Novice: 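Here it is: the structure, laid out below.
Within every chain, numbering begins at 1; the chains are lettered A, B, ... in the order of the sequence lines, protein sequences first and strands thereafter. These numbers were taken from a predicted model, which means no experiment stands behind them.
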Protein chains: 2
Amino acid sequence: MSDLEVRQLRYFVAVAEELHFGRAAERLGMAQPPLSRAIRDLERHLGVGLLERTTRQVRLTPAGEVLLRDARTALDAVSAAERRARHAGQPVRTLRLALKADHDAGMLPRMLAAYEREEAALPVELQLGGRGEQVAALRDGRADVALLPTPFDDRGLDVEPLLTEPRLVALPAADPLAARTELRPADLAGRLLPDGTAADGSDAPPAWPPRSLDLAQIFNLVEVGSIVWFLPESLARRHPRPEIAYRPVADLAPSTLVVAWPRESRSPAVAAFVRVARSVFADAGLSSPASPASGRS
Amino acid sequence: MSDLEVRQLRYFVAVAEELHFGRAAERLGMAQPPLSRAIRDLERHLGVGLLERTTRQVRLTPAGEVLLRDARTALDAVSAAERRARHAGQPVRTLRLALKADHDAGMLPRMLAAYEREEAALPVELQLGGRGEQVAALRDGRADVALLPTPFDDRGLDVEPLLTEPRLVALPAADPLAARTELRPADLAGRLLPDGTAADGSDAPPAWPPRSLDLAQIFNLVEVGSIVWFLPESLARRHPRPEIAYRPVADLAPSTLVVAWPRESRSPAVAAFVRVARSVFADAGLSSPASPASGRS
DNA sequence: CCGCATTGATACCGTACGGATATGAGTGAC
DNA sequence: GTCACTCATATCCGTACGGTATCAATGCGG
C-alpha cells in the first residue's frame, strides 16, 4: 500500500479551500482536468469520498474535513523539515528568533547580551512579525525559537513561561472612561479591538476582517477613539503618550510572555536561549512559577 | 521551488537509519542505483549535504541529523492524515481506544458504560498494545484516543491527567527485602527492570535490548527473582499473588494515568470520551487537580 | 604490494505516470 | 429552451523514476 504523496495533499488542500476545481487549478498553476483526475485518484487510493461535487458546487464530506485539517499539519511538517534542513546546512549557523515588536517586556537587550556569553550561542537573527507570524514561523521551520504573549495556538510547540503581567486597556485620554481608575468589562460594550472583535467579550462578529496593524497604527486609532486595545503592562509603560490613558480592567485575563520552540528541536543553541531567557527574567525578579512538567519518555 | 516529496523523505530516512545504501534499497524494495541518485537529487534540491559517504562507510552530517528527525515526524504526519481520512470515511464510525492491558486503574468498564450513554458516543474499539504502542498509534492515526501512564513522549498530543497514584515495587515474596515495609532506591542496586535498565536509577546500560513482555511474563520473572518491577498501586491491588510482594519505595516518582489524543483532533466522539473519563475518575473521588491551561488562540 | 571483495556512483534505457488540450455532460439561470 | 458554467472524460506527450550493467574507490588479506 503505497504512501500518500505531498503533491496529492497540496492539490486536495487547494481544492478544499477554494471549493472550486478551476480556481484551485489556477492557484496551483496547472490545468483543471489533471487536478480533477488527481483528486479522483486520491479518493480511490483512500477508498473514501472527500468532496461532493455537483456541476454547480463542491462541498467537503466529513472525511474531507478530517483530511483537510490533517493534510495542513502534514504539509507544515514537510516544509518545516525542508526549511530546517536547509538552515542546518548553512555554513554560518544562526539562531532565528521570532518576536512581536516591543513584546519583550523590555528584556530583549539583556537576553541577547546574556545569550552571547553562552557556550552554545550562535549569532541571533531577529524576525519581527505580526500576530500569529511567530507561531507560523516556528511551525514551518523559518524560526528556531520565539518570544510571544499568550494566548496562541501552541500545537506542536514546547513552551516555557517567562513573565505573567496584567493587561491594561488603552483609551483616548479624553474618553469619559479614562476618568475612572479601574474599568469593568461591561464598560467597554460597543468598543472594538484592533482585530474588529468586541472589546467586552461578547461574541459579536468582527466588524471588519482582521488587518495587520503595527503599533503606531494602533495607537493612532486609539487616540482618535476608533478602537480600544488591551496590552501588557510593560508595553504600556514603554509607550507613555499624552493622548492615551492606560487603565486596568477587572477580570481581564493577564498576559503571559513565553518562549516557545518546536517540540522536536534538540538544538543546543535553542536550549541555551531558553535557559538564558528564564534566568534573565528570574534575575530581574519577574520569574513565573515553574512550568508544569509534561512527561517525556 | 518545488516541494519536498514523501518518497524522498522515505528514502532518506531508510538510508539514514541503515547507513548503508544497499541495505536501505533492499528495505525499500528497490535497486541501489536509483536510491543513490534520489539521495543526490535530494541533497541538490536542498543545497545541503546530508550524508558523508566513502565507499566504506556512510555517516550523517549535522544537517542530515536534523532532517532525519524532522523527516520522521513529517512522515508520521502524512501517514496519520491518510489513516484518519480512511477511518473517517468508514460507514461505521468507531472510537479507537488504545491502552495498555490492565493499566486502567480498574475503571475501564465504568468509563465504557458511561461513554455509551453519551450523545456523541460511537462504538468503542479497544486496541491493547505494549509499551509505546499507544503513543505511536495516536500519532499515525491508528487510534483516536489513548489511556496510558506517564511518562511518555507527548509530542503532538493533548493530555488530560486522570489519576495520580504511587508506584510500588514488585519483589519475590521470599526476597529478604520483602520483609521491610518500605524500601529505598539504593536497596534495589543491582536489580534489573523488565526493560533491562537498572532499578536503582543508576545509568547502567540495559543488560539486554528491551523486549516486549506481557504481564504474565513479567510476574513470572519477578517470582523467580530475575527482575523487579515498578507498577502503579491500583495495578498491584488487582494482581495479588502469593509469590510476589509489593512494597513502597521512598522517592519513587508516582505514576499518572492520563487520557491522550492527537492535538489536531476535533472529533466530538473523542471530546465526549475525555469528558466521560474525567467525570468517572472525579466521581470515584480519585480526580487529579485540573491540568494546567495551555494557551490556544 | 597487489588483487579481491565491498560498496557507492555513473550510464543508459524502458515505462508508467503526471500534465496539457480538446471535448463532453450535467445543472442552474434567464 | 438556450446559454453559461463547471466538473468529468478521452487522448496524447514528455519527463522522471526505476531497473540493469558497469565503473571507481577503498580497505583488507595473502
Novice: What I want to find out is whether B/Asp76 reaches B/Arg155 closely enough, with some N-O distance under 4.0 Å, to be called a salt bridge.
Specialist: no
Novice: Treat primed atoms plus P, OP1 and OP2 as sugar-phosphate and everything else as base, then score nucleotides 17-27 of chain C 5' to 3': B for base contact with protein heavy atoms under 4.0 Å, S for sugar-phosphate contact only, - for none.
Specialist: -BBBBB---BB
Novice: With axes from five pairs an end, tell me the bend angle of the helix from C/dC1-D/dG30 to C/dC30-D/dG1, nearest 10°.
Specialist: 20°
Novice: A/Val48: which residues meet the side-chain contact (heavy atoms from CB on, under 4.5 Å) condition with it, sequence neighbours left out?
Specialist: A/Leu46, A/Leu50, A/Ala63
Novice: Answer yes or no: is there an ion pair linking A/Arg72 with B/Glu264, defined by an N-O contact shorter than 4.0 Å?
Specialist: no
Novice: Can a salt bridge be assigned to the pair B/Arg93 and B/Asp144 using a cut-off of 4.0 Å between side-chain N and carboxylate O?
Specialist: no
Novice: Measure CD1/B/Ile39 against C1'/C/dG8 and give the value in whole Å, please.
Specialist: 12 Å
Novice: Among residues two or more places apart or on two chains, list those pairs meeting ring-ring contact (aromatic ring centres under 6.0 Å, His included) that have a residue in residues 76-101 of chain A.
Specialist: none
Novice: Take atom CD of B/Glu26 and atom P of C/dT7, then tell me their distance rounded to the nearest Å.
Specialist: 12 Å
Novice: Okay, side chain of A/Arg59, backbone of A/Gln57: is any donor-acceptor separation there less than 3.5 Å?
Specialist: no
Novice: For A/Val78, does its backbone N or O pair with a side-chain atom of A/Glu82 as donor and acceptor, under 3.5 Å?
Specialist: no
Novice: Check whether any side-chain N or O of B/Arg83 sits under 3.5 Å from a backbone N or O of B/Ala143 as a donor-acceptor pair, and report yes or no.
Specialist: no
Novice: Going 5' to 3' along DNA chain D, which are the first and last nucleotides with any atom under 4.0 Å from a heavy atom of chain B?
Specialist: D/dC17 to D/dG27
Novice: Could you give the side-chain donor-acceptor pairs of residues 27-37 of chain B under 3.5 Å, partners two or more places apart or in another chain?
Specialist:
{"unit_1": "B/Arg27", "atom_1": "NH1", "unit_2": "B/Glu17", "atom_2": "OE1", "d": "3.2"}
{"unit_1": "B/Arg27", "atom_1": "NH1", "unit_2": "B/Glu18", "atom_2": "OE2", "d": "3.0"}
{"unit_1": "B/Arg27", "atom_1": "NH2", "unit_2": "B/Glu17", "atom_2": "OE1", "d": "2.7"}
{"unit_1": "B/Gln32", "atom_1": "NE2", "unit_2": "B/Ser36", "atom_2": "OG", "d": "3.0"}

Novice: Flag the pair B/Glu65 and B/Arg69 as a salt bridge only when some basic side-chain nitrogen lies within less than 4.0 angstrom of an acidic carboxylate oxygen.
Specialist: no
Novice: Whole angstrom is fine here: how far is it from CD in A/Gln57 over to P in C/dA29?
Specialist: 11 Å
